[in-house]
Amino acid sequence: MAKNGVAAILCLLALAPLVKLACGDDGHDYGMALKKSLLYFEAQRSGTLPPDQRVTWRESSGLFDGKANGVDLVGGYYDAGDNVKFGLPMAFTVTMMSWSILEYGKQMASAGELQNAMGAVKWGTDYFIKAHPEPDVLYGEVGDGDTDHNCWQRPEDMTTSRQAFRVDPQNPGSDLAGETAAAMAAASMIFRTTYPGYANLLLEHSKQLFQFADKYRGKYDASIKVARNYYGSFSGYGDELLWAAAWLFEATEDRFYLEYLATNGDSLGGTGWSINQFGWDVKYPGVQVLAAKFLLQGRAGEHADALQRYRQNAEFFVCSCVGKGAVNVPRTPGGVMYHQRWNNLQFVTSASFLLTVYADYATVTGRGALRCPAGAAQPFEILAFVKSQVNYILGDNPRGTSYMVGYGLNYPRQVHHRGASIVSIKTDPSFVSCQEGYSSWYGKQAGNPNLLEGAIVGGPDEYDDFADERNNYEQTEAATYNSAPLLGVLARLAGACGGLDEYQSAPEKVTANHTLLRPASEHLEIEQNVTRTWASRRRTYYRYSVTVTNRSRKTVRGLHLGISELNGRLWGLDKARYGYVPQKWLPALRPGRSLRFGYVQPGPPANVWVTGYKLV
């Protein structure tokens, strides 16, 4: 990219003074971490590698992708440690890389990494253009996870299936198409000045994909069934439709997309979901933060009331993450947010990004502190918490382990990654078969021969424990969507340590304009009662009956409940990925109707709240 092009984009990325973070007291080089993070994306490239490829142990691969389907699908990214190109997480990765540049491109430029970041985005969007050959056709996967996982091969040696799978009007995929639309809309903004023709092309693809996603509704994993066991769409497609609309409004200022966001918030879940997890599957917190941004910037117009409801949920997310909510994200003893054992750090990096941008939005617009149930959260406090999460990833944790490969002295050496764990084809061009990869390389008790520099692995468990073993894929496998949100956070931290103007004040008085957030809903009422008490073995047990009533004038669908502090048996609900859901015989709650369930436990009642729902 020409230097004058990079300079031109900087004028679009200038920010008002931001909160300044304390620097120099922890020894972390955030600029170096940013550089390494971008190198990781080059290691994940599929297709014909360019002459300026910096990760030199990789070679071109997947050069016939799409040929059997009569389409050119060469390029894109491998998602993690395998050799499949999964469209949904790839699109989320590109969206988050683009958002990182849009918010913190100025800081990336100061660190000398803006050009590399834009190149990483373009590697993804070039592929999406190929994957969208017709307005209502989108290819969402190349390769088959089942056959790929039975094989341990370098991508350059692949002998596994390269079949391509698509969505179309007869086999819809609103979530896949919506996320890809969001990625292309967000990316169009970073190329608007440097490559206006390319930006317009991305925007045209984005608009077509959004129209396709909205017109032909359905979950993509019902059409591309081979994706279900790897990247199933648990949250449905409502969040991606809203996510795409928000990004198209941001990219075009077309009020049609803002109206879509405002008028479909109830029916698609944007105003009904209060959840503290954000990632490749569930986008609601990201939508809510963007909607809050539009509101804080005075762009809501006649839709201010609807966007205020989005903002309440955005602030529920922030309060929950920083530990000042009515329901908080658990933390390990070492202090990092914890959701699950398998690749927990993906949620730490994505949450850290949302917290960072929300704190900066609040500062730039002069809104100040968030009023959380457990007290005010100042922007500088939110950013200090973000910094603690990043520092944990970089090595400030009980193990003293950096979970970014190649950063610091103590980092994972046996990353679960096919290409990194087998000798480079440039060093030894001898063909490595599927089974030879397993017998000679997978089980080898030694560090990988190739450094997967900048990769963020899955990370430790709830007790801060971590086993650096190649077969421990839950902890040692890295993924592109782990690193993409971190780009913006690292740039922000590097910029703050470079001397941005300081915004620091004493804790302000919270005004009446701030909304007190609770993990409940204006449309749903929760009532708990003790129906029976008995004693056994010197303990008193209580049987609790819980009633959830629809107080709105519309039908509630997709109800999800959160339950914490539950120490006994529960009946009347089914466990789901994002909490608990009604049993299948009760798919909806009509106005005035109730759902009842119960549980038994000793002591006080469990904490029950509404995680999400849609009004139809």
**Request:** Tell me, please, which residues at least two apart from Tyr338 pass ring pair (Phe, Tyr, Trp, His ring centres under 6.0 Å).
**Result:** none

**Prompt:** ring pair (Phe, Tyr, Trp, His ring centres under 6.0 Å) between Phe278 and Phe92: does it pass, once the steps are laid out?
**Reply:** CA-CA 11 Å; Phe278 173 57; Phe92 177 71; 5.5 Å; yes

**Request:** Output every pair passing disulfide (SG to SG under 2.5 Å) with a member in residues 59-92, not counting sequence neighbours, ordered by first then second residue.
**Result:** none

**Qualifying residues under side-chain hydrogen bond (donor to acceptor under 3.5 Å, both in side chains), relative to Ser174, sequence neighbours excluded** = none

**Message:** As a quick check of understanding, evaluate side-chain hydrogen bond (donor to acceptor under 3.5 Å, both in side chains) for Tyr30 and Asn391, giving each step before the final call.
**Reply:** CA-CA 9 Å; Tyr30 301 115; Asn391 288 352; 2.7 Å; yes

**Prompt:** How long is the gap from OG1 on Thr611 to OH on Tyr284, to the nearest 0.5 Å?
**Reply:** 12.0 Å

**Prompt:** Just by distance, do the side chain of Gln340 and the backbone of Asn344 share a donor-acceptor pair under 3.5 Å?
**Reply:** no

**Message:** As an exercise, state the distance from NZ of Lys67 to CG of Leu73, rounded to the nearest 0.5 Å.
**Reply:** 13.5 Å

**Message:** Working to the nearest 0.5 angstrom, can you tell me the gap between Leu176 CG and Ile224 CD1?
**Reply:** 5.5 Å

**Item:** Short side-chain donor-acceptor distance under 3.5 Å, Asn450 and Ser424
**Value:** no

**Fill in**
The salt bridge (charged side-chain N to carboxylate O under 4.0 Å, His left out) partners of Arg217 (sequence neighbours excluded) come to Asp214

**Request:** For Asp465 and Arg399, run salt bridge (charged side-chain N to carboxylate O under 4.0 Å, His left out): C-alpha distance rounded to whole Å, both residues' side-chain angles, the deciding distance at 0.1 Å, then the answer.
**Result:** CA-CA 8 Å; Asp465 292 329; Arg399 287 179 51 86; 5.7 Å; no

**Request:** Decide if the gap between the ring center of Trp280 and the ring center of Tyr231 is smaller than 6.0 angstrom.
**Result:** yes

**Request:** Give the intermediate values and the outcome of side-chain hydrogen bond (donor to acceptor under 3.5 Å, both in side chains) for residues Ser233 and Asp175.
**Result:** CA-CA 8 Å; Ser233 182; Asp175 29 24; 2.6 Å; yes

Please table the atom pairs, donor to acceptor, closer than 3.5 Å between any side-chain atom in residues 134-146 and protein atoms at least two apart or in another chain.
| unit_1 | atom_1 | unit_2 | atom_2 | d |
| --- | --- | --- | --- | --- |
| Asp144 | OD1 | Asp146 | N | 3.0 |
| Asp146 | OD1 | Tyr230 | OH | 2.6 |

**Item:** Side-chain H-bond candidate by donor/acceptor type, His417 with Asp82, under 3.5 Å
**Value:** no

**Inter- and intrachain pairs under disulfide (SG to SG under 2.5 Å), touching residues 39-99, at least two apart** = none

**Fill in**
Correct closest heavy-atom pair for Tyr392 and Pro460 would be OH-CG, 3.4 Å

**Complete:** By ring pair (Phe, Tyr, Trp, His ring centres under 6.0 Å), Tyr411 pairs with (sequence neighbours left out) none

**Item:** Phe64 CZ: over 12 foreign heavy atoms closer than 6.0 Å
**Value:** no

**Request:** Just grab all the salt bridge (Lys or Arg N to Asp or Glu O under 4.0 Å) pairs involving residues 429-453, residues at least two apart or on different chains.
**Result:** Lys36-Glu453

**Message:** Give me each pair satisfying salt bridge (Lys or Arg N to Asp or Glu O under 4.0 Å) with a member in residues 112-123, each pair once, sequence neighbours excluded.
**Reply:** Lys122-Asp126

**Asked** Is the count of non-hydrogen atoms from other residues, nucleotides or ligands lying under 6.0 Å from Tyr438 atom OH greater than 12?
**Response** yes

**Message:** Just verifying a value: how many Å separate Asn200 CG and His205 NE2, rounded to the nearest 0.5 Å?
**Reply:** 11.5 Å

**Prompt:** Which residue pairs pass the disulfide (SG to SG under 2.5 Å) test when at least one of the two sits in residues 411-468, sequence neighbours left out?
**Reply:** Cys151-Cys434

**For Tyr237, all residues meeting ring pair (Phe, Tyr, Trp, His ring centres under 6.0 Å), sequence neighbours excluded** = none

**Request:** Could you please spell out the steps behind the ring pair (Phe, Tyr, Trp, His ring centres under 6.0 Å) verdict for Tyr403 and Phe466?
**Result:** CA-CA 10 Å; Tyr403 295 108; Phe466 177 83; 5.1 Å; yes

**Message:** I'd like to know whether Asn472 forms a side-chain hydrogen bond (donor to acceptor under 3.5 Å, both in side chains) with Thr476, so could you lay out the CA-CA distance, the side-chain angles of the two residues, the decisive distance to 0.1 Å, and finally the verdict.
**Reply:** CA-CA 6 Å; Asn472 181 22; Thr476 63; 5.4 Å; no

**Item:** disulfide (SG to SG under 2.5 Å) contacts touching residues 204-237 (sequence neighbours left out)
**Value:** none

